[in-house]
Number of protein chains: 2
Amino acid sequence: MVLVDPSDRAEKPAAVEPRERILSAAGREFAERGYESTTVRDICLAAGVNVAAVNYYFGDKQRLYIESVKHAHEQRAGQVPLPEWAAGTPPARKLQDFIANFLERMLGFGQPPWQVRLMMREVLHPTDACRELVEDYVRPRFELLVSILDELVDGQLSQTELRRVALSIIGQCFLYRAAGAVVGMLVPREELKSHHSLAPLADHVTSYALAALGKARPLVDTRQQTLHVREEASS
Amino acid sequence: MVLVDPSDRAEKPAAVEPRERILSAAGREFAERGYESTTVRDICLAAGVNVAAVNYYFGDKQRLYIESVKHAHEQRAGQVPLPEWAAGTPPARKLQDFIANFLERMLGFGQPPWQVRLMMREVLHPTDACRELVEDYVRPRFELLVSILDELVDGQLSQTELRRVALSIIGQCFLYRAAGAVVGMLVPREELKSHHSLAPLADHVTSYALAALGKARPLVDTRQQTLHVREEASS
DNA sequence: CGGGGAATCAAACACACGTTTGAATCAAGT
DNA sequence: ACTTGATTCAAACGTGTGTTTGATTCCCCG
């Protein structure tokens with residue numbers, strides 16, 4: 001006979017609703033191992049509840065998964081809100097801020113956020129929870145980026161071109177989150193920190209974009225290069 | 001248990017060897033559904049062999065998975081080989097070719113090849129088969145790209161900066177393959193073709209990179225801000 | 001107190017999975 | 001024709017899974 005004293009039941013923060021504990025534990029497990037590989041027994045063990053609790057509170061595993069994706073999404077949305085700027089902020093500055101914010105959100109410096117990893121899974125292998133996630137979470141950011149770019153180039157690019165540039169920027173940030181392990185294998189060990197730190201990355205992506213759009217000097221200063229070009233021309 | 005060399009057995013003209021059929025079917029199934037969600041029964045059904053065949057030829061499911069990843073890799077490697085250039089080819093042209101080739105390989109226009117999807121899974125959620133894949137398949141391409149960029153900027157960027165630029169280019173291509181479904185939700189229906197066609201994409205990524213590096217005119221022609229002294233009249 | 005609905009629990013269920021088995025089939029060698 | 005060993009097959013095994021069950025405990029209101 002096991003009598004559970006309410007005071008020693010609290011491995012987690014005390015007095016949190018079981019439903020919440022399950023959602024949180026499920027999010028972590030799903031983010032780590034994926035849907036198929038995580039068992040409801042693992043989730044319940046991590047949450048400190050009986051196996052039957054999942055079905056009691058959520059009906060079945062699938063509905064728990066969808067709920068945990070939404071839960072992660074909501075938590076994360078409040079955690080790193082969209083940046084806001086005073087009127088008259090130069091668009092180049094907005095772009096810089098946006099990229100830093102986006103990277104912050106994706107890579108979650110400081111604490112590795114399982115919420116992002118869970119949503120990333122949803123983006124990479126869409127299930128039913130995906131469309132809703134895109135509309136609520138991805139599209140607003142995407143269109144904010146497009147509008148910043150539009151302002152930056154002063155309406156000189158078509159919407160199609162703007163979206164292409166936006167996707168270029170997102171792709172650069174995306175790679176580090178989605179394929180971080182492979183990136184880690186490609187760059188030398190001692191260089192890894194500089195590839196996974198916020199500031200250098202954000203600077204690179206920003207100046208790369210600004211240079212491509214003609215709003216900053218190219219990464220290579222072409223004026224100092226004339227001599228080399230001449231040498232090369234002989235081959 | 002000793003296996004007989006297939007070559008000295010009487011050949012069946014119509015059907016391929018069972019081992020090959022299993023590898024092919026397994027690759028397709030794994031690429032589509034992932035490791036956990038794919039059952040050996042499904043694979044054997046698709047391959048037209050008995051369930052026991054997997055264990056007979058490969059030992060267990062895990063080894064079949066690793067073999068099928070290698071198999072896909074080898075097939076794909078021969079299918080879209082690394083481009084080669086005559087000495088003296090301008091690096092900008094090499095970059096263009098590389099990007100087109102890389103996109104061709106990633107997106108596989110025509111029919112989406114399950115081999116790439118399988119390898120993509122390995123990149124996104126690395127297993128034991130990953131490291132080998134990176135060394136044989138990813139790294140050579142990556143270092144080729146870095147060397148092209150190095151030639152392009154004529155040694156004016158550090159290796160770290162070169163790798164950053166290379167990862168920027170790869171990230172842009174990568175996004176369309178890894179998150180194609182989400183990209184499809186973000187751009188208008190009628191624009192989708194232009195975002196998933198080889199030529200426009202390759203042009204965009206290439207000119208984006210060339211402009212950022214100061215080797216081509218920016219995407220936006222800014223009359224007031226930047227004096228554009230460089231005109232790419234060389235050739 | 002004590003009755004009753006909500007919550008929790010240990011145990012079991014039903015099923016699908018990877019894997020094994022042992023007999024049947026086949027192809028070649030002698 | 002018989003032997004031999006590789007291959008194929010239907011059937012079963014053991015295990016881990018999501019889910020259900022029925023009893024038990026908790027908590028609150030009368």
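Computed from a prediction, not measured in an experiment: that's the story for all the values here. Throughout, a chain's letter reflects where its sequence line sits, starting with A, and its residues are numbered from 1.
Between B:Arg63 and B:Asp60, at least one side-chain nitrogen of the basic residue sits less than 4.0 Å from a carboxylate oxygen of the acidic one, meeting the salt-bridge criterion.
Judged as a ring pair (Phe, Tyr, Trp, His ring centres under 6.0 Å), the pairs with a partner in residues 117-140 of chain A (not counting sequence neighbours) are, in order, A:His73-A:Tyr137, A:His125-B:His125.
A search for side chain to side chain donor-acceptor pair (under 3.5 Å) contacts involving B:Arg121 returns nothing, not counting sequence neighbours. Annotation: ring-ring contact (aromatic ring centres under 6.0 Å, His included) contacts of B:Tyr65 (sequence neighbours excluded): B:Phe30, B:Tyr35. Looking at residues two or more places apart in sequence or on another chain, you find a side-chain contact (heavy atoms from CB on, under 4.5 Å) between A:Glu161 and A:Leu157, A:Ser158.
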Can you give me the N/O atom pairs linking the protein to nucleotides 15-19 of chain C at distances under 3.5 Å, or say none if there are none?
| from | atom 1 | to | atom 2 | distance (Å) |
| --- | --- | --- | --- | --- |
| C:dG18 | OP1 | B:Thr38 | O | 3.3 |
| C:dG18 | OP1 | B:Lys61 | NZ | 2.8 |
| C:dG18 | OP2 | B:Val40 | N | 2.9 |
| C:dG18 | N7 | B:Arg41 | NH1 | 2.7 |
| C:dG18 | O6 | B:Arg41 | NH2 | 2.9 |
| C:dT19 | OP2 | B:Lys61 | N | 2.8 |

Identify each donor-acceptor pair in which a side-chain atom of residues 43-50 of chain B lies under 3.5 Å from a protein atom, sequence neighbours left out, and give them as a table.
| from | atom 1 | to | atom 2 | distance (Å) |
| --- | --- | --- | --- | --- |
| B:Asn50 | OD1 | B:Ala52 | N | 2.9 |

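Residue B:Tyr56 places none of its side-chain N or O atoms closer than 4.0 Å to OP1 or OP2 of C:dT20. For C:dA7, the OP1/OP2 oxygens have no side-chain nitrogen or oxygen of A:Asn50 closer than 4.0 Å.
Rounding to whole angstrom units, CD of residue B:Glu17 and P of D:dT8 are separated by 8 Å. Rounded to an integer number of Å, the gap from A:Tyr57 OH to D:dG18 C1' is 19 Å.
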